[in-house]
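A short write-up of the structure that comes next.
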Amino acid sequence: MKIAILTSGGDSAGMNAVVRSVVKAAILKGCEAWIVREGYEGLVRGNAEAEGTSNYVPPVVPHHSEFPPAAMDIINNLRFGDGELLRDGTGDYSHGRTLKGRYIVRVGWDDVRGWFTEGGTLIGTARSKEFRTPEGRLAAAYNLIKEGIDALVVCGGDGSLTGADVFRSEWPQLVADLRAQGKITETQAMTHSHLKIVGLVGSIDNDMSMTDLTIGAPTALHRICEAIDNINSTAFSHSRAFVLEVMGRHCGWLALLAAVAGGADFLFIPEQPPKSQPWEDQMCETIHQHRSVGKRKTLVIVAEGAHDLDLNPIRAEYVKDILTDRLGLDTRVTTLGHTQRGGRPCAMDRILPTLQGIKAVEALLEANPETPSYMIGIQENKITMVPLIEAVAMTKAVTAAIEERDFEKAMQLRDPEFRE
Ligand code: F6P
């Protein structure tokens, strides 16, 4: 089997660990590993613009056949680490071979060496307009078939995973169209009658249903906690208030967990706006009470997608004005922005993608036209496989509940055990 991996949508820490894991797991299972640069955009562009053809066959074959199924095996057998099994060599991807105009590239064991410590995504990501068009997807199908690739791993958020499932469901028609246009042979059409797809969730927001954690969320949370520690000491010194804006368009996970970890006084998240109107009174009352029992500093956390009960956005600057004007607090705003997204992955964002990448390759090897496309997740500390389409639908249901102002439903969809 030829397995290609791409990263799509907003980058997140741990995406490189996913690529590394999928590449190595594929090779260990006797498959060819390929990467697609620049997300779906790279699929659409393919290798047509490349100068000449590539004869490169990476030196990839480690000398054992059994693949460790679990973390303990990996550690005990030292089979997955960058250890003695690896040879020095010139990797196709990372060591100087020209990639100009080449978006779909075969890679070897050495190409992904050490990738799990790197932030962002080394194979690039893009928001592709082209892939959203039928012509774009036809070009993408052609480019995959041309390279003989029959399985695709997509690491991205819900939009990227929805795109993957649409692509798979359209695949037979795309193949038929390419055959009718004479772009592929009958043999190619038969060999590529089915595209196997698996999704891994890369998103700092932790906004995907049916998984407890998304890749990149632990690092982003860690980053926020460090920022809060820094803010807390200066806030304490001056007895100031800080309003901290964190990422999270439709999901308050980062804000909520940061509030718990950083000892915030008040919190705004999209799923549960403050219940009483005007919320300004509620916030001031709470903070006044905290101050009156001796707190020297105040921390209010605002998720970027926060709003009130009527869906009016709650902005950090406005919260600052309220704290200044009503409570007389010397207040500053800190917006963490993309510092939350970049940088080195924390341990969890190396371990989780490594285990999930292995599972993704296993899922592809077991897949057949009747099995759904799976999303690899983690639930109650176990790596899981759930139908991708169900997870995406449930995620969309949360956003819909918020838009319908059914906040209780939104919270219950996020956490079935949630009680008011
Ligand atoms: O979805 C991840 C995320 O980081 C959101 O939290 C944020 O709203 C968005 O991406 C920012 O996207 P961009 O990098 O395109 O500004």
Side-chain angles (χ1 to χ4, degrees), residues 1-6 8 22-23 25-61 65 92-93 97 99 101-109 111 123 128 130-131 133-154 163-199 360-374 388:
M1 189 186 286
K2 292 189 182 189
I3 300 176
I5 173 156
L6 62 83
S8 173
V22 167
V23 166
I27 291 167
L28 284 167
K29 290 280 187 187
C31 304
E32 276 186 23
W34 293 66
I35 54 106
V36 180
R37 299 167 55 222
E38 314 300 346
Y40 289 118
E41 190 63 23
L43 265 195
V44 175
R45 293 192 185 188
N47 295 334
E49 301 158 25
E51 290 155 13
T53 51
S54 167
N55 299 320
Y56 175 75
V57 179
V60 286
V61 193
S65 54
D92 184 35
Y93 188 67
R97 182 172 156 268
L99 291 168
R102 201 178 296 283
Y103 289 90
I104 304 177
V105 185
R106 186 167 172 203
V107 287
W109 188 269
D111 292 316
I123 63 174
S128 174
E130 284 291 307
F131 189 73
T133 65
E135 298 76 29
R137 292 195 290 278
L138 193 69
Y142 174 65
N143 289 328
L144 283 177
I145 293 172
K146 211 167 89 188
E147 301 298 350
I149 293 164
D150 42 12
L152 190 61
V153 180
V154 174
D165 206 63
V166 169
F167 192 43
R168 179 193 144 150
S169 59
E170 285 179 358
W171 185 262
Q173 190 55 51
L174 295 171
V175 172
D177 291 350
L178 289 170
R179 179 68 198 114
Q181 291 172 15
K183 289 196 168 156
I184 57 171
T185 63
E186 188 56 35
T187 316
Q188 281 176 314
M190 279 166 66
T191 326
H192 291 278
S193 59
H194 170 56
L195 177 70
K196 296 170 179 180
I197 287 213
V198 164
V361 171
E362 286 173 354
L364 288 174
L365 288 167
E366 284 162 21
N368 63 56
E370 273 69 55
T371 50
S373 303
Y374 284 110
L388 195 158

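Atoms considered below: every heavy atom in the structure, side chains included; atoms not considered: hydrogens, waters and symmetry mates.
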Short side-chain to backbone donor-acceptor contact, W171 and V166, under 3.5 Å = no

Roughly how far, to the nearest 0.5 Å, is the CG atom of D177 from the CZ atom of R137?
-> 11.5 Å

Gap between atom CG of L138 and atom CD of E170 - 0.5 Å precision | 9.5 Å

Give every residue pair that meets the salt bridge (charged side-chain N to carboxylate O under 4.0 Å, His left out) criterion with at least one member in residues 179-194, sequence neighbours excluded.
-> R179-E186

Go through the steps for Y374 and L388 under the test side-chain contact (heavy atoms from CB on, under 4.5 Å), then give the verdict.
-> CA-CA 5 Å; Y374 284 110; L388 195 158; 5.9 Å; no

Contacts of F131 that satisfy ring pair (Phe, Tyr, Trp, His ring centres under 6.0 Å) - sequence neighbours left out | Y40, F167

Partners meeting ring pair (Phe, Tyr, Trp, His ring centres under 6.0 Å) with Y142 (sequence neighbours left out) | none

Looking only at heavy atoms, what is the nearest atom pair of [X] and [Y], with distance?
X: V36; Y: G42; answer: CG1-C, 3.7 Å
X: I27; Y: G108; answer: CD1-C, 3.9 Å
X: N47; Y: E147; answer: ND2-OE2, 2.7 Å
X: A360; Y: V198; answer: CB-CG1, 3.7 Å

For [X], which residues count as a salt bridge (Lys or Arg N to Asp or Glu O under 4.0 Å) partner, sequence neighbours excluded?
X: E130; result: none
X: R168; result: none
X: E370; result: none
X: E32; result: K2, R106

Going through the distances and angles, do I197 and D165 end up as a side-chain contact (heavy atoms from CB on, under 4.5 Å)?
-> CA-CA 8 Å; I197 287 213; D165 206 63; 5.8 Å; no

Do [X] and [Y] touch side chain to side chain, with heavy atoms closer than 4.5 Å?
X: L6; Y: L43; answer: yes
X: V23; Y: D111; answer: no
X: I104; Y: N143; answer: yes
X: I184; Y: K146; answer: no

With [X], which residues qualify under side-chain contact (heavy atoms from CB on, under 4.5 Å), at least two apart?
X: T185; answer: T187, Q188
X: A139; answer: V44
X: P172; answer: none
X: M1; answer: I3, C31, D150, A151, K196, L364, L365

Quick one: side chain to side chain donor-acceptor pair (under 3.5 Å) partners of E366, sequence neighbours excluded?
-> none

Polar contact flag, side-chain donor to acceptor under 3.5 angstrom, Y103-R45 = yes

